Amino acid sequence: LQFYMGVVTAIIMAVLRGLDWNNRHNDEHGKHHGEHHEDYNAAVIINIGIDVVVRILVCYILAHLSWFAVVRKNGCFCCIIACCECPPVLLLWGVLSIVWGIIGMLDSVQDLHDCIICIIGTIVQAFYCIILLYMGLCCLKLWIQHGSEIIPPVIQGKGPDGEVVGAAVIL
């Protein structure tokens, strides 16, 4: 649900920003066509496209990696070559989700004064942000249930019994 709502939100926000830009640009410059106008149009389309791609990538990361990290591993942070498993990672995922939800809401409220139709984007973004905030709060609740420990009091490491790893170095 979170991923699909994020994708729908990204697309709706892009369409609304495109419509808003088109309306403002036509009001300011009329129907003037020229080389500079086409370059500016291309730049705006590229910026809107980059915004959609970033939003969808973050949706994917927050939806799938968070699900794997929280539900399947009880606190896991996956990197390219390693996966760090510990309860404080639940805190990390929770804070990340909450922060992204707040940033998204601030972004949509910022666009509210631009146009009347932008209220649709703010409402859609608000639903998505509520999902993110709820997901973040659930991660924080799970972290608290795990003892809300950031650094364990004792860290133990066990290696194979009687096995020497590498040669002894005398300095």
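Source: prediction; values computed, not measured. Below, all heavy atoms of this structure are taken into account, side chains as well, without hydrogens, waters or symmetry copies.
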Problem set entry | Verify same cluster id: Ile144, Val95 (apolar side-chain graph, 4.5 Å) | yes
Exercise. Is it true that Leu137 and Leu90 fall in one hydrophobic cluster, defined by side-chain heavy atoms closer than 4.5 Å?
Worked result: yes
Exercise. Among the clusters formed by ILVMFWY side chains lying less than 4.5 Å apart, do Ile130 and Val99 turn up in the same one?
Worked result: no
Seminar exercise, completed: Rounded to the nearest 0.5 Å, the CH2 atom of Trp100 sits from the CD1 atom of Ile61 at a distance of 9.0 Å
Problem set entry | Minimum heavy-atom distance Met5-Ile131, with the two atoms named | CG-CD1, 3.8 Å
Problem set entry | Cluster overlap Ile50 with Val53, hydrophobic side-chain contacts below 4.5 Å | no
Exercise. When rounded to the nearest 0.5 angstrom, what is the spacing between CD1 in Ile12 and CD1 in Ile123?
Worked result: 10.5 Å
Exercise. Stepwise, does the side chain to side chain contact (heavy atoms under 4.5 Å, CB included) test hold for Cys59 with Tyr128?
Worked result: CA-CA 10 Å; Cys59 289; Tyr128 177 62; 3.1 Å; yes
Exercise. Is the backbone of Leu132 close enough, under 3.5 Å, to the side chain of Gln2 for a donor and an acceptor to pair up by distance?
Worked result: no
For this session: Please report the closest heavy-atom contact between Ser97 and Met135, naming both atoms and the distance.
Result: OG-CE, 3.0 Å
Problem set entry | Atom pair CH2 (Trp93) and CG (Leu140), whose distance is rounded to the nearest 0.5 Å | 13.5 Å
Seminar exercise, completed: Output for pair (Ile48 CD1, Leu16 CG), nearest 0.5 Å, gives 10.0 Å
Exercise. Going from CD1 on Ile11 to CZ on Arg55, what distance comes out if it is rounded to the nearest 0.5 angstrom?
Worked result: 11.5 Å
For this session: Following the transitive rule for hydrophobic clusters with a side-chain heavy-atom cut-off under 4.5 Å over Ile, Leu, Val, Met, Phe, Trp and Tyr, establish whether Tyr4 and Leu57 coincide in one cluster.
Result: no
Problem set entry | Rounded distance (nearest 0.5 Å) linking atom SG of Cys138 with atom CG of Leu133 | 11.0 Å
